[in-house]
Amino acid sequence: MTLIAERLLTKLTDAERARMERVESVLPALREAAAKADETGEFPIGHIALMREAGLLGLIIPEEFGGLGGGLRDLAGATFTLGSACPSTALAYFFHNTSASRGLLPLEAIEAGLFSADEVPVVDAFARRLLTKMAGGTWLANFASEEVKSSSANIAIATVASPVEGGWSLSGVKSFGCATGVADYYLVTAKVDGTTDADGLALFLVGRDYEGVTNRPKWNGLGMRASANDGIIMENVFVPAEDSLTVPGSFVKMLQMSRGSFVGNQLAIMATYLGAAQNVYDYALERTTGKTFADTGKTIASSPMHQVIIGNMAERLETAYLWIRRQIELETSEPPLLPKSEVYKQWRIAKGDISEACFQVALGALKACGTSAATMDGVIGRTLRDLAMALVMTFPAERGRLEAASMITQDKENELFASVNS
């Protein structure tokens, strides 16, 4: 049997295939609930037990912690597959899995010798606690983004953690975090009170029902309406010391081990959008080839206009596939094909091109299928709104290209400066 994930990933290993079969097992329920979830803007609560029972909450957690032992390829395959059925659920699931990097990367940093002997036990304990929770079926929501932004960064951390007896007290507002009111725990990034740089960033596991935790006003978003993307408000929320990672510099050290970006495994979010784009492409093609003109009997898809639209859709879809497959290769190949800076530069361009290509596929589907398919609750209407979110999620294409251009020109300037002064 050909799996949906094989449209993205070629040559699945036996272990990857087994994990992707688990993902496919939940698709019928996701498809059945997708329209109602979008209409109400509510995350289908039943999906939590569904994903937990399938073992998918531990998809990328190593087997030694009780997980399935998957990696970035598995996560991309999973979000791509889930995105073809219910993009909102796929998005929330993606952010659950980004939490794993906050356990895996500290362990890598320990192995690389980045922590001192007295820091290792503290860092190790937090990492293992987080990974064990995820493998055991705990749904985590990764809350980093905030309303406060700066001109030089996509994310600025204003949430403050103050030391108190037995742990820490957190106060702040986290915006646009999937699984608000749904996840069992929120993984919160905050800065230790009195610190002014990245060495003061710390991590905290905040229970959904902890005193002082409330939801922000409901987010009536354009896309991914059922991802519970409201965000939280924290007012003097107590977090036990064992659920905190406040070793100075730990956040910076763990990110040194990453081959991706700040959130972790970020290319898998684009696989969500690509899965949705593939689904709407398939829908439009089936619809236009399944109907005929009354006077000629030829399929609607055979008209010159539709041929142009379908050709454009196919080109845009293939463009997205090429970008994301290249990024998967760069972030999973052993040994690494390129230095981390080059991989990061590639990602800043790839994210924008994938986003815009996927949105154009949905726009083409709207044009091809016409007025009768232009409903808010239909596949095209829902997908068009979902993929509009890709255009602004984290950063728009223009920002990514600007940052890539800056890196390219600075590297060239440094190269020329070095040659002149050598």
Side-chain angles (χ1 to χ4, degrees), residues 8-9 72-73 75-80 82-84 87-88 90-95 97-98 101 142 144-145 149-156 176-178 221-224 227 229 255 258-278 280 315-333 336-363 383-408:
L8 173 63
L9 304 172
L72 180 54
R73 278 172 51 88
L75 181 55
T79 55
F80 174 81
L82 299 174
S84 72
S88 287
L91 186 70
Y93 179 69
F94 162 78
F95 277 109
N97 281 282
T98 63
S101 67
N142 194 347
S145 183
K149 305 292 182 184
S150 74
S151 61
S152 59
N154 298 313
I155 298 175
F176 305 115
C178 287
L222 178 66
M224 307 296 190
S227 60
N229 210 12
L255 290 190
S258 172
R259 289 174 67 174
S261 57
F262 178 82
V263 176
N265 299 324
Q266 202 167 29
L267 71 83
I269 197 172
M270 301 318 301
T272 296
Y273 294 118
L274 182 54
Q278 180 66 66
V280 79
E315 184 275 333
R316 293 284 78 202
L317 194 61
E318 188 62 25
T319 294
Y321 274 113
L322 290 171
W323 273 112
I324 199 166
R325 285 175 181 145
R326 175 58 171 165
Q327 197 67 31
I328 290 173
E329 179 185 35
L330 290 176
E331 295 194 27
T332 61
S333 60
L337 297 177
L338 294 174
K340 181 176 178 177
S341 60
E342 291 296 314
V343 175
Y344 180 75
K345 184 197 306 177
Q346 169 90 5
W347 166 246
R348 304 309 280 185
I349 301 173
K351 186 272 175 186
D353 272 24
I354 296 167
S355 299
E356 294 187 331
C358 288
F359 181 76
Q360 289 298 322
V361 172
L363 189 60
T383 307
L384 194 63
R385 287 182 281 112
D386 285 342
L387 292 180
M389 199 62 188
L391 302 177
V392 296
M393 173 68 73
T394 310
F395 60 90
E398 289 80 4
R399 179 161 192 157
R401 292 165 189 154
L402 175 65
E403 292 176 357
S406 178
M407 287 184 274
I408 291 168

Practice prompt. Of all the heavy-atom pairs spanning A362 and L387, show the shortest one and how long it is.
Written response: CB-CD1, 3.8 Å

Worksheet item: Heavy-atom distance under 4.5 Å between the side chains of L274 and Q278, does that happen here?
Response: no

Worksheet item: Do Q346 and W323 come within less than 4.5 Å of each other through their side chains, counting heavy atoms only?
Response: yes

Worksheet item: Taking C-beta and beyond as the side chain, do M224 and N229 meet within less than 4.5 Å on heavy atoms?
Response: no

Practice prompt. Find out whether L402 and E398 are in side-chain contact, i.e. whether some heavy atom of one side chain is under 4.5 Å from a heavy atom of the other.
Written response: no

Discussion item. Return the OG1 to CE distance between T272 and M393, rounded to the nearest 0.5 Å.
Written reply: 9.0 Å

Discussion item. Between S227 and C178 (side chain of the first, backbone of the second, donor and acceptor by atom type, cut-off under 3.5 Å), is there such a pair?
Written reply: no

Worksheet item: Would you say L267 and K351 make side-chain contact, with heavy atoms under 4.5 Å?
Response: no

Worksheet entry | Side chain to side chain, E403 and F395, heavy atoms closer than 4.5 Å | no

Fill in: 4.5 Å side-chain heavy-atom contact, F359 and R316
no

Item to complete: Using a 4.5 Å cut-off on heavy atoms from C-beta on, say whether the side chain of R348 contacts that of M407.
Response: yes

Practice prompt. Run the numbers on M270 and F94 for side chain to side chain contact (heavy atoms under 4.5 Å, CB included), then give the verdict.
Written response: CA-CA 10 Å; M270 301 318 301; F94 162 78; over 6 Å; no

Discussion item. Please evaluate residues Q360 and L317 with respect to the criterion side chain to side chain contact (heavy atoms under 4.5 Å, CB included), reporting the C-alpha separation (whole Å), side-chain torsions for both, the decisive distance (0.1 Å), and the verdict.
Written reply: CA-CA 9 Å; Q360 289 298 322; L317 194 61; over 6 Å; no

Item to complete: Could you give me the CA-CA distance, side-chain angles and deciding distance for D353 and R401, then say whether side chain to side chain contact (heavy atoms under 4.5 Å, CB included) is met?
Response: CA-CA 9 Å; D353 272 24; R401 292 165 189 154; 2.7 Å; yes

